**Q** 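The structure's right below; bear with me while I get my questions together.
Only this structure's heavy atoms are used, side chains among them; waters, hydrogens and symmetry mates stay out. Quick caveat: nothing in here was measured; it's all calculated off a predicted structure.
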Amino acid sequence: MAGDDPAPPVQELASATLADASPLQAQFSRRVLITTIVSRADGGAGLAGQKVRVGGWVKTGREQGRGTFAFLEVNDGSCAANLQVIVDAAVHPLAQLVPTGTCVFVEGELKKPPEGTKQCVELRVERVVDVGPVDPARYPIPKTKLTLEFLRDLVHLRSRTNTISAVARIRNALAYATHTFFQKHGFLYVHTPIITTSDCEGAGEMFQVTTLLSEAEKLEKELKENPPPSDADVEAIRVIVKEKGDAVAQLKAAKAGKEEITSAVAELKKSKEDLAKVEERSKLNPGLPKKDGKVDYTQDFFARQAFLTVSGQLQVETYACALSSVYTFGPTFRAEHSHTSRHLAEFWMVEPEIAFADLEDDMNCAEAYVKFLCQWLLDNCLADMQLMVKIYDKSAIDRLKLVASSPFVRISYTEAVELLEKVTEKKFENKVEWGIDLASEHERYLTEQIFKKPVIVYNYPKGIKAFYMRLNDDMKTVAAMDVLVPKVGELIGGSQREERLDIIQKRIQEMDLPLEPYEWYLDLRRYGTVKHCGFGLGFERMILFATGIDNIRDVIPFPRYPGRADL
């Protein structure tokens, strides 16, 4: 841009580090992040006298001194705290700056405020570089308290609120911590496909990926505008082809000249091509292509049925069986018509897979990972967690400390059922008996009431678990485990995978699943099979657990659920 500093040479950029920048300067932006000012131990007081540029959005603004100056509380999203900004009327028209939601880019000098004020530092503006104005009469997010349910209708603006911006920073911290944990322990990050032809869960609640509907709509429209030829039209062209063929035969019989025969053959060839096109077009019918009374998916984009993935586990196993320790972290999808506070149609999963490892290794990794996440938030996101404690859940930080510091209890499914069957002080909505899939109320009772710490339940009945989980010697249970934590119940589900070819084939057939789509998965057992294990952590559930927020729709930036897919 004209007047800007020249771009630094590529070699200098390549060798630059964060330490090379000014301690206040934001990378790749000619401004200072507010967090570098207000998050210091002294609250920024030690920076008094420094000249800085700050950009952000006005949380609150008010004119003072009979309109001679204004106080602005400005936030740029880098932290929960605001920076108090003071602007004189001589510097800029104050009416443009004070409405909530206004974007301001200003420069000035950091100063210590008068004694007795809660701020440790404030910015006296010397120049307003830029303003993104707001019409306060139309701005849909006033500075009054708003419910999270109301904000779901303003998904494009809700990140400007204190809660959603704090959740975004907590989510970012947990994602960064996830990569840090697995990279630190020698795992490779593998990108698994979003479009799949495998149903990992065997539940069938999958979003289908197809172009057949749009192709059918296009065909129907085209056939209305240009109807297909009738049988009479096709027969008329067949007659022409026959006539052209007879003409060629006669010319050859009469030993006509080469040029005349060549011309007649060319006309015959063109007529045959026209006939082929007309015959093909006459067979076109509106609607989906059918074969034997069923939709013909060989005509679809991928030449077979395809879906949005419910899990990257099966695919990432292929890399675990070659690269040993791997993980995938990405979006997954479930077409479940559920409106509960715990369900989304699109959600993120963290799924590690470890070769040469069994169920105990799996439990050890899951426990270490969850503890790492909790400690990471305590070490790196405390201000945002304090906001959660203040607004939503007074026990949120204590819960993180408990999980980060406590050894997880480990009990078998059978032991868990026996404990729950002895409970008399609470009546469960779902009856407890061996063989049931433990409900959230059961899981939470175990972790919140009986043990008051995280619990890992292992060795579940084979009838309630997926085909790929390793069958135990008792032939009744599989080497599966769930990590249960306070507030949400199940946080992680995992297992040792079945590495024996004959047994996993029987398991697939027992669950009435076709073998053909899983032949590639069975190949991993045919060629160099290895004991391996893994688990999946629902990322949004981890955020619910950490923040204490009640509805999962409020911890993902753009929630998708039945009836809603905004933006």
Side-chain angles (χ1 to χ4, degrees), residues 24 26 29-40 42-147 150-151 154 156-166 383-384 386-387 390-391:
L24 292 181
S29 176
R30 294 177 176 84
R31 67 186 175 96
V32 168
L33 295 177
I34 287 175
T35 188
T36 60
I37 300 173
V38 300
S39 298
R40 290 163 54 100
D42 63 359
L47 300 173
Q50 288 214 35
K51 301 269 188 171
V52 296
R53 270 188 178 187
V54 166
W57 288 264
V58 175
K59 290 288 189 179
T60 62
R62 64 188 189 280
E63 294 186 34
Q64 296 282 73
R66 296 183 179 179
T68 58
F69 68 96
F71 287 112
L72 309 177
E73 291 287 327
V74 176
N75 187 283
D76 65 359
S78 61
C79 64
N82 304 324
L83 176 66
Q84 181 165 280
V85 173
I86 302 172
V87 189
D88 289 332
V91 173
H92 195 90
L94 302 180
Q96 282 189 14
L97 304 177
V98 294
T100 296
T102 301
C103 181
V104 295
F105 189 20
V106 297
E107 62 184 27
E109 184 178 342
L110 293 172
K111 292 183 175 290
K112 285 186 179 179
E115 291 290 333
T117 57
K118 65 175 182 178
Q119 292 85 9
C120 297
V121 70
E122 61 190 19
L123 178 66
R124 294 299 298 256
V125 173
E126 296 169 353
R127 184 166 81 96
V128 175
V129 180
D130 206 358
V131 176
V134 160
D135 179 354
R138 300 182 61 189
Y139 187 55
I141 302 184
K143 55 189 177 184
T144 54
K145 188 173 182 180
L146 304 169
T147 66
F150 171 82
L151 290 173
L154 297 167
H156 60 300
L157 292 173
R158 68 176 185 166
S159 55
R160 296 190 185 186
T161 64
N162 293 337
T163 295
I164 301 300
S165 61
D384 288 312
Q386 287 169 340
L387 183 67
K390 180 181 177 182
I391 301 177

**Q** Any heavy-atom pair between the side chains of Leu33 and Val54 that's under 4.5 Å?
**A**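 They are not in contact (no side-chain heavy atoms under 4.5 Å apart), so the answer is no.
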
**Q** Could you tell me whether a side-chain N or O of Thr102 sits under 3.5 Å from a main-chain N or O of Val98, the two making a donor and an acceptor?
**A**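 Between the backbone of Val98 and the side chain of Thr102 there is no qualifying donor-acceptor contact (under 3.5 Å).
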
**Q** Could you tell me if the side chain of Gln96 sits less than 4.5 Å from the side chain of Pro133, heavy atoms only?
**A**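 Counting from C-beta outward, Pro133 and Gln96 never come under 4.5 Å.
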
**Q** Got a second to check how far Thr163's OG1 is from Leu151's CG, nearest 0.5 Å?
**A**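 Answer rounded to 0.5 Å: 8.0 Å.
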
**Q** Can you check side chain to side chain contact (heavy atoms under 4.5 Å, CB included) on Val58 and Thr60, steps first, answer last?
**A** CA-CA 6 Å; Val58 175; Thr60 62; 5.6 Å; no

**Q** Can Arg127 and Glu107 be said to form a salt bridge (charged side-chain N to carboxylate O under 4.0 Å, His left out), step by step?
**A** CA-CA 5 Å; Arg127 184 166 81 96; Glu107 62 184 27; 3.0 Å; yes

**Q** Please lay out, stage by stage, how Ile37 and Val32 fare under the test side chain to side chain contact (heavy atoms under 4.5 Å, CB included).
**A** CA-CA 8 Å; Ile37 300 173; Val32 168; 3.7 Å; yes

**Q** Just wondering, do Arg53 and Val129 contact through their side chains at under 4.5 Å, heavy atoms?
**A**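 A side-chain contact under 4.5 Å exists here.
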
**Q** If only atom types and distance count, is the side chain of Asp88 paired as donor or acceptor with the main-chain N or O of Ala90 below 3.5 Å?
**A**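 It does not hold such a pair.
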
**Q** Consider only side-chain N and O atoms of Ser29 and Arg31, and report whether a donor and an acceptor are under 3.5 Å apart.
**A**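 A donor-acceptor contact under 3.5 Å links the two side chains.
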
**Q** Counting only N and O atoms by type, is there a donor-acceptor contact under 3.5 Å from the side chain of Lys112 to the main-chain atoms of Leu47?
**A**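 Flag not set: sc Lys112 to bb Leu47 has no pair under 3.5 Å.
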
**Q** Does a side-chain heavy-atom distance below 4.5 Å link Phe71 with Ile86?
**A**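 Yes - at least one pair of side-chain heavy atoms lies under 4.5 Å apart.
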
**Q** Count the heavy atoms of every other residue, nucleotide or ligand shown that sit under 6.0 Å from CZ of Arg62, and state whether that count exceeds 12.
**A**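 For Arg62, atom CZ is crowded (more than 12 foreign heavy atoms under 6.0 Å).
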
**Q** Roughly how far, to the nearest 0.5 Å, is the OG atom of Ser159 from the CH2 atom of Trp57?
**A**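 One finds 8.5 Å between CH2 of Trp57 and OG of Ser159.
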
**Q** On a heavy-atom basis, which atom in Ala80 and which in Asp384 lie closest, and how many Å separate them?
**A**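 Shortest heavy-atom contact: CB-OD1, 3.6 Å.
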
**Q** Does the pair Val74 and Asn82 meet the rule for a side chain to side chain contact (heavy atoms under 4.5 Å, CB included), with working shown?
**A** CA-CA 5 Å; Val74 176; Asn82 304 324; over 6 Å; no

**Q** What pair of heavy atoms forms the shortest contact from Gly67 to Ala89, and how long is it?
**A**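 That would be O-CB, 3.5 Å.
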
**Q** Do Phe69 and Glu63 have side chains that get closer than 4.5 Å, going by heavy atoms?
**A**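 They are not in side-chain contact.
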
**Q** I need the minimum non-hydrogen distance between Thr35 and Ser78, along with the two atoms involved.
**A**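 Reported closest heavy-atom pair: N-OG, 3.0 Å.
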
**Q** Does Asn162 reach the main-chain N or O of Ala166 with its side chain, forming a donor-acceptor pair under 3.5 Å?
**A**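 It does not hold such a pair.
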
**Q** How many angstroms lie between CG in Leu154 and CG in Leu146, if you round to the nearest 0.5 Å?
**A**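 Between atom CG of Leu154 and atom CG of Leu146 there are 8.5 Å.
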
**Q** Flag the pair Leu97 / His92 as yes when at least one side-chain heavy-atom distance between them is below 4.5 Å, and no otherwise.
**A**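 Yes - at least one pair of side-chain heavy atoms lies under 4.5 Å apart.
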
**Q** Is there a side-chain contact between Val52 and Leu123, using heavy atoms and a 4.5 Å cut-off?
**A**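 Yes. Closest side-chain heavy atoms under 4.5 Å.
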
**Q** Looking at side-chain heavy atoms only, is the closest gap between Cys79 and Ile34 below 4.5 Å?
**A**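 Sidechains of Ile34 and Cys79: in contact.
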
**Q** What is the minimum heavy-atom distance between Gly43 and Cys120, and which atoms define it?
**A**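 Reported closest heavy-atom pair: O-CB, 3.5 Å.
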
**Q** Mind listing the closest non-hydrogen atom pair of Tyr139 and Val134 along with its distance?
**A**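 Scanning both residues, the minimum pair turns out to be CB-CG1, 3.6 Å.
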
**Q** Look at Glu73 together with Lys59 and state whether they make a salt bridge at an N to O cut-off of under 4.0 Å.
**A**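 Answer for the salt bridge query: no.
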
**Q** So that I can tick it off, tell me whether Glu126 and Arg124 are bridged by a salt bridge, with the cut-off set at under 4.0 angstrom between side-chain N and carboxylate O.
**A**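 No.
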
**Q** Is it the case that the side chain of Ser39 and the backbone of Thr36 share a donor-acceptor pair, with hydrogens and angles ignored and the cut-off at 3.5 Å?
**A**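 Not at all, since once roles are kept as given, no pair shorter than 3.5 Å links the two residues.
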
**Q** Nearest heavy-atom pair of Thr100 and Ile141: which atoms, and what distance?
**A**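 Minimum heavy-atom contact is CG2-O, 4.0 Å.
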
